[in-house]
Amino acid sequence: AKRKGVSKIKCFTSNLQTQLERHLYLEKGLRHALEHDQFELVLQPQWRLEDQGLTGFEALLRWHAGADGMISPFEFIPVAEKTGLIVPVGEWVVSKVCEYLREWKQHGVSDCRIALNVSPLQLKSGKFVEALESMAVAHGVALDQIEVEVTEESLLDGVEEHGRVSNELVRLRELGVKIAIDDFGTGYSSLRYLRQFPADIVKIDKSFVSEGSVALKESEICTAIVTMARSLGMEVIAEGIETTEQLSSLREIGCSLGQGYLVSMPLSFEEASDCVLQGRTD
Ligand code: C2E
Ligand code: CA
Ligand code: CA
Ligand code: CA
């Protein structure tokens, strides 16, 4: 029994060591990625459920780590947050979004929105709003073409913290930036809380959508979210739509916008540009 205990401890410490090594490795890699242009910002189409017409895109970060291949944002975003690197990484994301929008504007399209994911730490740094505003102005991009996604969870992360995040979101909104609450339904926010909160869009988390028309409970949650958002004058977008069954049940409950593999995977800027410029009306 004693021996077993010892080997368990050994196993535990070596696990910790492996985790620590991976963390340090990723931290170093992230600095390198920033300096050597290893990031790519891909764009996943968002569309009307009614006719699948394009309304905008969600920007998603990709890291092409050379010989290590692709590293998932699920792995590197938490490291970027812990090390503070999320601030320069996030600024790179904003500058890319502005570049993309400027490029489309030069081709006569200025009504397509891009949503970007923002970590609460970026907002708490206190510099995000100015950085975004000055980059948009420098690129001649209208601020109402930019949407900021913050997770429901991040908004509930401590009362004082929430105050700071919420203040920054109010400032963004005053500039005309749209605010979307991401992964909605996975946190524990109350209706009352949502009413006080400055948001324009609610994103139904894909964990509810993936059950779709199959599980009654999930569809009841979706219905409640849609009803509530509508009564507050918010738009609703469902993420992770993969099947036509999910599409039609979301339409039935009155959800108007969607995103997911059914219509499109995230696209490179070139591919997304083809979509945007094709749909151009002038
Ligand atoms: P998220 O914001 O919830 O993004 C949605 C994720 O679902 C994306 O994963 C997307 O590629 C994936 N997805 C899209 N359509 C479907 C579908 O039909 N089915 C399924 N199963 N999945 C779908 P991705 O790109 O790996 O991003 C993972 C997470 O990393 C994001 O979750 C977001 O929290 C974070 N992230 C990505 N880019 C950024 C960024 O620029 N900044 C920050 N702070 N976080 C980011
Ligand atoms: Ca998102
Ligand atoms: Ca999401
Ligand atoms: Ca998520």
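No hydrogens, no waters, no symmetry mates; every other heavy atom, side chains included, goes into these values. Indexing begins at 1, ligand by ligand and atom by atom, following the structure's order.
When atom types are taken as modelled, the side chain of Thr83 and the backbone of Glu27 share no donor-acceptor pair closer than 3.5 angstrom. Formation of a donor-acceptor pair under 3.5 Å by the His23 side chain with backbone atoms of Gln19 is not found in this model. The backbone N or O of Gly258 sits nowhere less than 3.5 Å from a side-chain atom of Glu239 that would complete a donor-acceptor pair. In this structure, the side chain of His139 engages the main chain of Met135 through a donor-acceptor pair within 3.5 Å.
Under a 4.0 angstrom heavy-atom cut-off, Arg62 registers as being in contact with ligand 1. Within the structure, ligand 1 has Glu58 among the residues with a heavy atom less than 4.0 angstrom away.
Take the Ca ion (ligand 2) and draw a sphere of radius 3.0 Å; the protein N/O/S atoms inside it number 4.
Residue contacts with ligand 1 for Met265 are absent, since no atom lies close enough (heavy atoms, distance under 4.0 Å). Contacts between Asp183 and ligand 1 below 4.0 angstrom, taking non-hydrogen atoms only, involve the side chain exclusively.
For ligand 1, the atoms closer than 4.0 angstrom to any heavy atom of Pro266 are 11 (O). Less than 4.0 angstrom separates some heavy atom of Val93 from each of these atoms of ligand 1: 41 (O). Atoms of ligand 1 lying under 4.0 Å from at least one heavy atom of Gln44, given by number and element, are 14 (C), 15 (N). When each atom of ligand 1 is checked for a heavy atom of Ile241 under 4.0 Å away, the hits are 18 (O). For ligand 1, the atoms closer than 4.0 angstrom to any heavy atom of Pro73 are 24 (P), 26 (O), 27 (O), 28 (C), 30 (O), 37 (C). Heavy-atom contacts of Gly260 reach the following atoms of ligand 1: 15 (N), 18 (O) (cutoff under 4.0 Å). Shown in contact with Asp182 at under 4.0 Å from a heavy atom are these atoms of ligand 1, numbered in order with element: 2 (O). Less than 4.0 angstrom separates some heavy atom of Glu239 from each of these atoms of ligand 1: 3 (O).
Looking at Glu149 next to ligand 1, no N or O pair under 3.5 Å apart turns up. Inclusion of Ser72 in the set of residues having an N or O under 3.5 Å from an N or O of ligand 1 is not warranted.
The other members of the hydrophobic cluster of Met265, by chain and number, are Tyr261 (side-chain heavy atoms under 4.5 Å, ILVMFWY only).
Under 3.5 Å, the side chains of Thr55 and Gln46 contain no donor-acceptor pair of N or O atoms. A donor and an acceptor atom, one from each side chain of Gln145 and Asp111, are nowhere located under 3.5 Å apart. No hydrogens or angles considered: a donor-acceptor pair under 3.5 Å links the side chains of Gln44 and Gln259.
By the 6.0 Å contact criterion, CD on Glu50 is open, its count of non-hydrogen atoms from other residues, nucleotides or ligands being 12 or less.
For the salt bridge (Lys or Arg N to Asp or Glu O under 4.0 Å) with Glu235, the qualifying choice from Arg113, Lys178, Arg48, Lys203 is Arg113, the only one to do so.
Across all non-hydrogen atoms, the minimal contact from Ile71 to Glu75 is CG2-OE1, 3.8 Å.
Applying the salt bridge (Lys or Arg N to Asp or Glu O under 4.0 Å) test to residues at least two apart or on different chains, the pairs with a partner in residues 130-142 are Glu130-Arg171.
Closest heavy-atom approach to atom 46 (C) of ligand 1 among the candidates Asn117, Asp205, Leu61: Asn117.
Looking at residues two or more places apart in sequence or on another chain, you find a ring pair (Phe, Tyr, Trp, His ring centres under 6.0 Å) between Trp104 and Phe57, Phe269.
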